[in-house]
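Down below is the structure, laid out as structure tokens.
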Amino acid sequence: MKPLSWLKREWQRFGASHLLIVITLVLGIAGLFLIGKVKASFLLSIQRQEREILSSDFSIGIRRPLEKSEIDQFRAKAQDTIQGEYQLIDMSSMLYIPNRNVSRLVELRVVEPGFPFYGALKTEAGAQDLTAQHPLFTDNCVYLSSEIQRLLEISPADELKFGEAKFRSCGIISDDATQGFRGFNLAPRVYIGSTRFSATKLLGLGSIAFYSYHLKLNATGQLQTEVWKKELSREFTDNALRPKTPKDASEQMARSGEILGDYLQLSSLVALLLAVVGCFYLFRSLLHRRLKDIAVLRALGASPWQIRPLLMLPLIVDFIVAVPLALLFATTAYPLLTHILGELFGAQFPNAPFPREWLYQAPMILVVVLCGLLPALEEALRVPVRVLLQDQEQVPVLPWRSYWYFIAAGLASFTGLAMIIARSIKTGGFFMLGILAAAFLLLIVAMLVRWVLQLLLTRVSLHKPFGLEAGL
């Protein structure tokens with residue numbers, strides 16, 4: 001029979017079963033593609049706003065006060081290309097509200113006029129231009145992040161105490177481009193002017209803070225930052241003092257995003273594995289419904305090697321149909337998921353194409369699917385023709401020793417897929433060990449439950465009238 005005619009006949013007779021198989025595969029594969037697209041979008045967003053994340057063109061930073069000689073050495077590299085400069089101090093401190101007796105750990109950022117060179121601090125009134133005459137530097141006030149405002153519901157009348165100084169709220173920062181993707185902070189951020197910070201007396205012997213010095217450069221200087229970075233790294237006597245470019249800031253943040261995306265994709269492999277298990281039972285049920293067809297073909301002289309491709313062809317076509325549908329499903333779900341992530345973490349997710357990883361992931365997924373479903377086909381092909389024609393219900397389960405080549409090929413492909421997604425042989429290997437350990441534990445639990453139920457049903461004599469023993 002011609003392949004197209006066989007496929008047409010197959011879908012006419014068993015279209016509902018193949019539709020269920022396709023839907024199950026789509027749900028299992030779409031998660032992998034969707035998370036890959038979100039990860040690619042996040043990395044593109046980080047790349048586009050790398051200067052805003054650093055807030056400057058070139059900087060140095062260390063967890064101690066910067067010495068004047070170090071700043072002079074840093075500035076000497078840029079020389080006439082400098083268009084602006086400022087220093088930032090980042091530290092943790094306690095915010096105390098005396099009239100409400102409420103305290104909260106916050107991340108205190110001490111800023112100087114001109115911050116930030118790229119991006120802006122935005123409030124309800126719009127982007128703030130932090131000049132020397134801004135209230136942040138002339139009045140006893142601070143800017144609060146929207147997160148701390150939501151947690152403490154601070155009003156303009158509340159007195160805010162940091163160290164030994166008291167402040168009031170200048171306003172609420174709704175957007176700070178320098179924060180980038182900050183979904184896992186230990187504390188919300190508060191902004192205070194450098195001219196008012198000394199009154200807090202928070203810095204002293206034993207205080208821990210991160211000091212950074214930032215430069216804004218002209219177009220000529222921006223092209224030289226990588227060269228200056230290498231030279232300064234060799235010249236600084238303190239190895240902890242490191243120069244940083246916008247690319248470094250974005251790569252550091254992108255690395256965290258990539259690791260998170262890799263682990264999410266690994267978790268989506270669990271959904272793929274569950275989808276393969278579901279497809280196995282659907283495909284097995286489909287084969288049992290057409291055992292008479294298999295018997296007729298074998299009675300006419302067709303060998304298992306001739307029948308096997310005919311039964312595998314619809315399954316392969318189901319997978320080929322499922323892959324573009326999974327891409328379509330991921331594309332449709334992408335705006336909703338990125339909107340939710342943007343609201344939760346304040347990140348931007350520009351539209352990005354699917355990474356090319358799916359081109360080599362799809363064949364590996366196909367191997368996993370085939371290795372998971374072909375045992376059901378082998379079960380049907382190994383039953384004698386006489387048994388098939390006389391009693392189609394008696395189809396024995398394939399012995400475990402006959403599964404070994406399916407198990408080996410499936411595990412090899414699944415492990416390779418996990419290692420490629422994790423970009424680490426060690427991480428992918430440990431993930432597979434965890435999957436195997438969980439499967440072994442579930443198998444032990446299932447066998448114990450089966451043994452207990454069989455013992456119970458046998459004693460109360462309910463197994464025969466209800467056929468429960470056969471089910472177990």
Side-chain angles (χ1 to χ4, degrees), residues 53-56 58-75 85-98 100-116 121 130 132 134-145 147-149 151-152 154 158-170 173 176 178-180 182 184-215 232-233 236-244 248-249 252-253:
I53 293 171
L54 185 62
S55 82
S56 63
F58 201 28
S59 73
I60 53 172
I62 193 171
R63 289 190 175 277
R64 62 165 174 76
L66 288 164
E67 298 177 2
K68 184 178 182 302
S69 59
E70 293 170 337
I71 296 176
D72 291 340
Q73 186 179 1
F74 175 59
R75 295 182 75 259
E85 54 193 301
Y86 55 69
Q87 179 172 274
L88 300 178
I89 303 175
D90 292 288
M91 65 180 300
S92 297
S93 178
M94 293 299 297
L95 163 62
Y96 179 60
I97 307 177
R100 294 165 54 188
N101 195 27
V102 174
S103 60
R104 172 78 187 192
L105 178 69
V106 297
E107 178 189 346
L108 200 61
R109 165 157 281 194
V110 185
V111 302
E112 291 186 350
F115 171 83
L121 296 179
L130 300 186
H134 193 278
L136 192 64
F137 304 105
T138 58
D139 299 339
N140 285 336
C141 69
V142 294
Y143 275 118
L144 307 173
S145 66
E147 182 181 0
I148 194 170
Q149 173 63 24
L151 292 172
L152 301 182
I154 299 172
D158 285 334
E159 189 178 72
L160 311 176
K161 188 174 182 181
F162 295 94
E164 298 184 12
K166 297 178 180 179
F167 300 86
R168 60 178 178 82
S169 173
C170 290
I173 298 297
D176 178 5
T178 65
Q179 288 188 298
R182 292 169 54 88
F184 304 96
N185 295 318
L186 294 177
R189 182 176 283 184
V190 174
Y191 306 81
I192 184 173
S194 56
T195 56
R196 301 292 172 175
F197 178 66
S198 58
T200 64
K201 298 183 180 180
L202 288 173
L203 290 179
L205 186 63
S207 298
I208 299 176
F210 185 80
Y211 296 77
S212 57
Y213 201 87
H214 295 254
L215 299 178
L232 288 170
S233 297
F236 283 140
T237 56
D238 191 340
N239 292 330
L241 180 60
R242 296 209 175 257
K244 182 181 287 187
D248 298 326
Q252 183 178 4
M253 189 171 292

query = Y143 and H134: ring-ring contact (aromatic ring centres under 6.0 Å, His included), yes or no, with the steps?
reply = CA-CA 12 Å; Y143 275 118; H134 193 278; 5.8 Å; yes

request  = Given salt bridge (Lys or Arg N to Asp or Glu O under 4.0 Å), test R75 with E85 step by step and report yes or no.
outcome  = CA-CA 9 Å; R75 295 182 75 259; E85 54 193 301; 2.7 Å; yes

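- Contact detail for E70 and I60: the closest heavy-atom pair is O-CD1, 4.3 Å.
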Pair R100-D158, salt bridge (Lys or Arg N to Asp or Glu O under 4.0 Å): steps then yes or no = CA-CA 8 Å; R100 294 165 54 188; D158 285 334; 3.2 Å; yes

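- Expressed to the nearest 0.5 Å, how far SG of C170 lies from CG of L136 amounts to 5.5 Å.
- What you find for Y86 and G114 is that their closest heavy atoms are CE2-O, 3.8 Å.
- Listed by chain and number, the residues in a side chain to side chain donor-acceptor pair (under 3.5 Å) with S212 are H214 (sequence neighbours excluded).
- Atom CG of L108 is separated from atom OG1 of T200 by 7.0 Å, given to the nearest 0.5 angstrom.
- Between D139 and R196 there is no salt bridge, since no side-chain nitrogen of the basic residue lies less than 4.0 Å from a carboxylate oxygen of the acidic one.
- E107 places no side-chain N or O within 3.5 Å of a backbone atom of S92 that could act as its donor or acceptor partner.
- Ring geometry, F58 versus F74: the interplanar angle falls from 30° to 60°, so the pair is classed tilted.
- In this structure, CD1 in I62 is found 8.5 Å from CD in E67, a value given to the nearest 0.5 Å.
- Inter-residue side-chain proximity for D90 and V110 is flagged as unmet; no heavy-atom pair is nearer than 4.5 Å.
- With a 4.5 Å cut-off on side-chain heavy atoms, L152 and L144 do not count as touching.
- Residues that satisfy the salt bridge (Lys or Arg N to Asp or Glu O under 4.0 Å) test with K201, not counting sequence neighbours, are E164.
- Between F236 and R242, the closest side-chain pair of non-hydrogen atoms is not below 4.5 Å.
- Annotation: side chain of Y211 is not in contact with side chain of R63 (no heavy-atom distance under 4.5 Å).
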